[in-house]
Amino acid sequence: MQLETLRQLVVDTLADMKARDIEVMDVRGKTAITDYMVVASGTSDRHVKAIAETVAYRSKEAGEPPLGLEGVNEGEWALVDLNGVVVHVMLPKVRDFYNLEKLWAAPAAVPKAAVAML
């Protein structure tokens, strides 16, 4: 499956499940872990679990089984690792605390060798 198709499948699934405040971040060049991070909020721990499980199920159904599914039992922060797309589904208070959007929007660090030349 093409990366953009997978990303759209995730976003569509989040929308279908009534996830709130869906944000897609292109993190290529910032990390080797993934190409896109998708962050969304659920309204309760059950909602967070249901959203994450549905994203995992639909991606598997489309031929892209998740590499990992974390945090579903607790329901405050669930992570679905689809390799090229990593999905974080959180309760609003958890999302506000960790503020992943701000973290991944930060500019890349300047290499120490470049700083020494300044």
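Quick caveat, the model's predicted, so the values are computed rather than measured.
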Heavy-atom count around Glu4 CD within 6.0 Å, excluding the residue itself: above 12?
yes

Which atom of Leu91 lies closest to which atom of Gly75, heavy atoms considered
CG-O, 4.0 Å

For the atom pair CG (Leu3) and OH (Tyr36), what is the distance rounded to the nearest 0.5 Å?
5.5 Å

Hydrophobic cluster membership, with links at side-chain heavy-atom distances under 4.5 Å among I/L/V/M/F/W/Y: are Val89 and Leu100 in one?
yes

Leu9 CG to Met1 CE distance, which is reported to the nearest 0.5 Å
5.5 Å

Can you tell if the side chain of Asp81 reaches within under 4.5 Å of the side chain of Pro66, non-hydrogen atoms only?
no

For Ser59 and Ala56 the tightest heavy-atom approach is OG-O, 3.0 Å

Applying a strict under-4.5 Å side-chain criterion to I, L, V, M, F, W and Y, I'd like to know whether Val10 and Ile33 cluster together.
no

Distance (rounded to the nearest 0.5 Å) between Gln2 CD and Arg7 CZ
11.5 Å

From NE2 (His88) to CD (Glu101), nearest 0.5 Å
9.5 Å

Just to verify, what does Ser41 make a side chain to side chain donor-acceptor pair (under 3.5 Å) with, not counting sequence neighbours?
Arg95

Approximate separation, where rounding is to 0.5 Å, of Glu23 CD and Met25 CE:
7.0 Å

Sidechain-backbone polar pair: Thr34 side chain, Asn83 backbone, donor-acceptor under 3.5 Å
yes

Atom pair CG/CZ of Asp16 and Arg58 - distance to nearest 0.5 Å:
4.5 Å

Tell me whether Lys30 contacts the main-chain N or O of Trp104 through its side chain, where contact means a donor paired with an acceptor under 3.5 Å.
yes

Report yes or no: do Leu82 and Val39 belong to one cluster of Ile/Leu/Val/Met/Phe/Trp/Tyr joined by side chain heavy-atom distances under 4.5 Å?
yes

If Ile, Leu, Val, Met, Phe, Trp and Tyr residues are connected whenever their side-chain heavy atoms lie under 4.5 Å apart, and connections chain through other members, are Val86 and Leu67 in the same group?
no

Using the side-chain contact (heavy atoms from CB on, under 4.5 Å) rule, take Arg20 and Thr43 through it: C-alpha gap first, then chi angles, then the decisive distance, then the call.
CA-CA 8 Å; Arg20 295 184 177 179; Thr43 57; 3.4 Å; yes

Cluster overlap Leu79 with Leu6, hydrophobic side-chain contacts below 4.5 Å:
no

Do other residues, nucleotides or ligands put more than 12 heavy atoms under 6.0 Å from the CZ atom of Arg28?
yes

Please name the pair of heavy atoms, one in Ile51 and one in Ala19, separated by the smallest distance, quoted to 0.1 Å.
CD1-CB, 3.8 Å

From CA spacing to verdict: side-chain contact (heavy atoms from CB on, under 4.5 Å), Val38, Val85
CA-CA 7 Å; Val38 181; Val85 179; 3.8 Å; yes

List the atom of Gly42, the atom of Pro92, and the distance in Å for their closest heavy-atom pair.
O-CD, 3.2 Å

Positive for side chain to side chain donor-acceptor pair (under 3.5 Å) with Tyr57, one of Lys60, Glu61, Glu53:
Glu61

